[in-house]
Amino acid sequence: MRIFSGIQPTGDKHLGNWSGGFRQYAATQDRGDDAFFCIVDLHSITVEYDPEELREQTLDLAAMLFATGLDPERSTVFIQSHVPAHTEAAWLLGSATSFGELRRMTQFKDKAERQEFISAGLFTYPVLQAADILLYQTDAVPVGEDQRQHIELARDVAERFNARHGETFTLPAMIAPEVGGRIMDLQEPERKMSTTGGTPQGTVRMLDEPEVVRKKFKSAVTDSGSEVLRADDKPGITNLIEIMGVATGEPLEGIESRYDGAGYGAFKTDVGEAVVELLAPIQARYHELRSDPRELQRLLARGAEKAREASDPTLQAMLDAMGFVRSEFGRNFGAARPREL
Ligand code: ATP
Ligand code: LTN
């Protein structure tokens with residue numbers, strides 16, 4: 001099965017990203033899937049950013065992807081801007097995406113509210129995401145729940161393109177984890193944990209020191225009552241039970257019965273401890289990998305080579321189908337070569 005997912009290099013990565021992203025990516029290897037993981041630096045320039053930070057954070061994220069379990073022998077990890085097919089395909093797919101579809105995207109509306117300068121790139125962001133996915137004839141996209149609307153758009157665009165120009169793309173499906181597809185902010189459990197849109201105290205960063213992690217869990221907001229049980233009117237405690245479940249792998253019912261009568265205080269301390277234990281080996285591997293940027297660059301260059309090979313046939317098929325002149329006299333469109341003369 002062909003898998004593709006993307007992750008932004010800007011904004012420190014957090015426990016939500018691990019639960020909806022990293023953890024799922026590593027699981028694809030155990031299933032023997034053919035998987036591509038892309039550091040989407042071109043998406044990160046759609047909001048205000050610092051170029052020097054982007055460069056550093058791109059390598060930070062590469063180290064984090066390997067530290068959380070991706071094996072460069074089994075998975076392809078690469079940087080989006082190293083594969084020009086992504087930007088070419090995004091332009092082509094823009095003609096198969098409607099203004100109305102893009103205007104309905106909730107991520108655009110949320111992010112636009114926080115920007116003084118709302119870039120055209122922020123608006124067309126989901127078209128580039130569709131290009132990312134469709135170029136690889138992707139069967140399944142592991143993401144968190146917040147990406148559902150974007151994956152559905154990619155599917156709609158693929159269907160429209162196939163109907164207009166003939167079968168070109170596989171229709172991608174989304175895979176979200178059954179538990180932990182939407183980890184909530186520890187201070188404001190009505191919104192998702194996020195370094196770009198959450199509260200600093202309610203967001204557990206992958207690189208937070210153990211003491212910081214413990215403190216964040218101790219001060220997590222809980223709900224009225226004292227039962228450790230999941231319920232719609234207990235978003236705080238429900239979130240903590242889910243976090244305990246994904247950190248330890250224990251079924252949620254087991255956690256609830258184990259903490260029957262224990263009270264919120266003891267439970268919060270234990271969830272904090274479980275997360276500290278989860279993060280410790282990841283942080284150690286991360287620091288080791290990050291200390292050798294040359295090796296990271298080498299692995300990423302190899303990933304880009306594999307990604308170029310895998311995506312080029314789709315780009316060629318798109319160009320053929322859309323009516324561009326295909327010539328035997330050298331390059332006729334960007335980095336593309338004619339498929340057959
Ligand atoms: P942030 O909100 O912190 O800016 P993001 O969602 O915008 O993060 P990425 O870092 O690219 O951007 O996300 C990587 C993966 O993490 C995506 O698959 C996304 O769905 C998932 N993810 C992000 N936040 C959460 C969360 N709170 N719970 C579960 N999964 C999440
Ligand atoms: N929009 C996603 C990141 C992303 C992505 C992708 C995810 C860009 N391209 C392709 C899956 C597949 C986000 O904000 N998390």
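Remember, it's 1-based here, ligands and their atoms both numbered in the order they're listed.
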Heavy atoms only: give me the nearest Ala131-His86 pair and the separation to one decimal. CB-O, 3.7 Å
Within the 3.5 Å criterion, strictly below it, is a donor on Asp41 or Ser81 matched to an acceptor on the partner's side chain? yes
May I ask you to check if ligand 1 and Gln8 share an N or O to N or O distance below 3.5 Å? yes
Between Gln57 and Gln8, do the side chains contain an N or O donor and an N or O acceptor separated by less than 3.5 Å? no
Indicate, as side chain, backbone, both or neither, the part of Val141 found under 4.0 angstrom from ligand 2 when only non-hydrogen atoms are considered. side chain
Consider every N or O of Ser5 and every N or O of ligand 2, then say whether any pair is closer than 3.5 Å. no
So which atom in Phe78 and which in Gly303 form the shortest heavy-atom distance, rounded to 0.1 Å? CB-C, 3.6 Å
Among Asn239, Ile183, Asp12, closest by heavy atom to atom 28 (N) of ligand 1 is Ile183
Under 3.5 Å: N/O of Lys111 near N/O of ligand 2: no
Looking only at distances, please establish whether an N/O atom of ligand 1 is found under 3.5 Å from an N/O atom of Ser194. yes
So is Ser5 polar-close to ligand 1, meaning N/O to N/O under 3.5 Å? no
Heavy-atom distances under 4.0 Å decide this one: backbone, side chain, both or neither, for Asp146 against ligand 1? side chain
Pair Thr10-Glu53, side-chain donor/acceptor within less than 3.5 Å: no
If I apply the N/O under 3.5 Å rule, does Pro142 come out as touching ligand 1? no
Is the distance between the ring centroids of Phe4 and Phe36 under 6.0 Å? no
Counting from 1, what ligand 2 atoms have a heavy atom of Ile133 closer than 4.0 Å? 10 (C), 12 (C)
Any chance the rings of Phe161 and His165 have centres within less than 6.0 Å? yes
Judged by atom type as modelled, is there a donor-acceptor pair below 3.5 Å linking the side chain of Thr199 to the main-chain atoms of Gly202? yes
If you measure from each heavy atom of Gln80 to ligand 2, is any distance below 4.0 Å? no
Aromatic ring proximity, centroids under 6.0 angstrom, Phe108 and Tyr125: no
Does any N or O atom in Val143 lie less than 3.5 angstrom from one in ligand 1, N or O only? no
Considering both backbone and side-chain atoms of Gln147, is one of its nitrogen or oxygen atoms within less than 3.5 Å of a nitrogen or oxygen in ligand 2? yes
Quick note on ligand 2: atoms under 4.0 Å from a heavy atom of Gln8 include exactly 14 (O)
A student checking ligand 2 against Val143 at a 4.0 Å heavy-atom cut-off should list atoms 7 (C), 11 (C)
Per-atom contacts of ligand 2 with Tyr125, taking only distances under 4.0 Å to non-hydrogen atoms: 1 (N), 2 (C), 3 (C), 13 (C), 14 (O)
For ligand 1, which atoms have a heavy atom of Gly20 less than 4.0 angstrom away? 29 (C), 30 (N)
The option among Lys192, Arg148, Gln107, His150 carrying the non-hydrogen atom nearest to atom 6 (O) of ligand 1 is Lys192
Taking the six-membered ring for Trp, are Phe123 and Phe99 ring centroids under 6.0 Å apart? yes
Under 4.0 Å to a heavy atom of Val40 - the qualifying atoms of ligand 2, by number: 8 (C), 9 (N)
Residue part near ligand 1, for His14, under 4.0 Å between non-hydrogen atoms: side chain
Any donor-acceptor N or O pair under 3.5 Å, side chains Asp12, Thr195: no
Hey, quick one: are Val77 and Tyr136 part of the same hydrophobic cluster, counting side-chain heavy atoms closer than 4.5 Å, chains of contacts allowed? no
Below 3.5 angstrom, do we get any N/O pair linking Gly144 and ligand 1? yes
Looking only at distance, does Met193 have an N or O less than 3.5 Å from an N or O of ligand 1? yes
Inter-residue atom distance Arg258.CZ - Phe267.CZ, 0.5 Å rounding: 8.5 Å
For ligand 1, is there an N or O atom under 3.5 Å from any N or O atom of Thr196? yes
Looking only at protein heavy atoms, identify the closest one to atom 5 (C) of ligand 2 and say how far it is in Å. Gln129 NE2, 3.4 Å
Would you please determine whether Gly197 falls within less than 4.0 Å of ligand 1 on a heavy-atom basis? no
Any atoms of ligand 1 less than 4.0 Å from a non-hydrogen atom of Thr195? List them with their elements. 3 (O)
Compare every heavy atom of Leu315 with every heavy atom of Leu135, then report the nearest pair and how far apart it is. CD2-N, 4.0 Å
Quick check on contacts: which atoms of ligand 1 are under 4.0 angstrom from a heavy atom of Gln147? 20 (O)
Please state whether Lys13 comes within less than 4.0 angstrom of ligand 1, counting heavy atoms only. yes
Return a yes/no value for Ser19: is any of its N or O atoms, backbone included, closer than 3.5 angstrom to an N or O of ligand 1? no
Whether the side chain of Ser75 engages the backbone of Pro72 through a donor-acceptor N/O pair (distance < 3.5 Å, no angle test) should be reported. no
